[in-house]
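Report on the structure given below.
Every heavy atom of this structure was used, including side-chain atoms; hydrogens, water molecules and symmetry mates were not. The sequence lines fix the lettering, A, B, ..., with proteins before strands; numbering per chain opens at 1.
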Amino acid sequence: MASDDNLRNFDLSPTEAVALQKRLAPLVEQRPLPAPPRTVAGFDLSTRDSARAAAVVVDTGTLETVDEAVAELPLRFPYVPGLLSFREAPAVLAAYEALSVKPDVLMLDGQGLAHPRRFGIACHVGLILGVPSLGAAKSPLIGKGTVPGLEKGELAEIVHKGEVVGVALRTRPRTKPIYVSAGHLITLPEATDLVLRLSPRYRIPEPTRRAHQLAGRR
DNA sequence: GCGACAG
DNA sequence: ATCTTGTCGC
């Protein structure tokens, strides 16, 4: 149908991409997960001439990797802050399709609602797939001055235009925080809890760490 | 108008 | 993201 064609359209100019974000942002929903998630898939990619995306599905209870996949696609959009999904989402979606085990939640390396137009890559991918998603970024796009306490688990809300759009979360003591925000079909508290539980030892949550390793460089 | 700016 | 070895600190 026509709506599906719109959602999957990445053949746009930066100006058109911004317009599309404004049109799709209202469709993103923040709501509780239907049930406690058993699996979370982390996505990451390495880029050169083409983009190599990797997806790793992790069991939230044991932290074991239960499935993984990679996909390679040519890069067709430049890196523009605020428009990351138009560059990375095609490869991420291909990696998702290649998975045998479909995850309960998607963890993207970037922002969700903590975005100037409330439409970071986690919102975009989650909306396209209709699957709960969250953004766990290594640096902020908005909310730069938000600093949480130094102990693991401490957080500080990222407020933008009067709204709490995410949190800066300390996943490791005295180490730079991870910026968490809801993508689609999940709440911020749920996203924050998941990221923390999936970061038992390192700053970067396990799903993302493993996907980063798998995407590797060539 | 001048900076800032996920990966 | 990518270019790149050793090194300081918990």
B/dA6 C1' sits how many Å from A/Leu113 CG, rounded?
14 Å
Calculate the interatomic distance between A/Phe43 atom CZ and C/dA1 atom P; express it in whole Å.
17 Å
Rounded to whole angstrom units, what separation is found between the CZ atom of A/Phe119 and the C1' atom of B/dA6?
15 Å
Taking only side-chain nitrogens and oxygens of A/Tyr79, does any of them come within less than 4.0 Å of OP1 or OP2 of B/dA6?
yes
May I ask whether A/Val18 and A/Leu27 are part of the same hydrophobic cluster, defined by side-chain heavy atoms of I, L, V, M, F, W, Y residues being less than 4.5 angstrom apart, directly or through others?
yes
What nucleotide, of B/dG7, C/dA1, B/dA6, holds the atom closest to the side chain of A/Glu88?
B/dG7
Starting the side chain at C-beta, find the nucleotide from C/dC3, C/dT2, B/dG7 nearest to A/Ser46.
C/dT2
When all nucleic acid strands are considered with a 4.0 Å heavy-atom cut-off, which category describes A/Leu75: base, sugar-phosphate, or nothing?
nothing
Using whole Å, report how far CZ of A/Arg52 lies from P of C/dT2.
11 Å
Taking CD from A/Gln111 and P from B/dA6, how many angstroms apart are they, rounded to a whole number?
8 Å
Can you tell which of C/dA1, C/dC10, B/dA6 lies closest to the side chain of A/Lys138?
C/dA1
Between C/dG9 (P) and A/Lys176 (NZ): distance, integer Å:
17 Å
At under 4.0 Å between heavy atoms, what does A/Pro140 touch on the DNA or RNA strands: base, sugar-phosphate, or nothing?
sugar-phosphate
Can A/Lys144 be said to sit on top of A/Tyr179's aromatic six-ring, NZ or CZ under 6.0 Å from centre and within 45° of the ring axis?
no
For the pair A/Lys138 and A/Asp109, find out whether any cationic side-chain nitrogen is under 4.0 Å from an anionic carboxylate oxygen.
no
Does a side-chain N or O from A/Thr47 land closer than 4.0 Å to OP1 or OP2 of B/dG7, or not?
no
Nearest whole angstrom, please: distance from the P of C/dA1 to the CG of A/Leu45.
9 Å
Tell me which one of A/Glu190, A/Glu206, A/Met107 satisfies side-chain contact (heavy atoms from CB on, under 4.5 Å) with A/Val195.
A/Met107
Could you tell me the separation between the CZ atom of A/Phe77 and the P atom of B/dA6, rounded to a whole number of Å?
15 Å
Quick one: do A/Val57 and A/Leu99 satisfy side chain to side chain contact (heavy atoms under 4.5 Å, CB included)? Show the steps, please.
CA-CA 8 Å; A/Val57 182; A/Leu99 288 172; 3.8 Å; yes
How would you label the contact of A/Ile142 with the nucleic acid (heavy atoms, under 4.0 Å): base, sugar-phosphate, or nothing?
nothing
Taking for each residue the nucleotide of DNA chain C bearing the nearest heavy atom, is the 5' side occupied by A/Arg172 or by A/His212?
A/His212
Looking at A/Arg48, does any N or O in its side chain come under 4.0 Å of the phosphate oxygens OP1/OP2 on C/dC3?
yes
Taking any heavy-atom pair under 4.0 Å as a contact, classify A/Gly82: base, sugar-phosphate, or nothing.
base
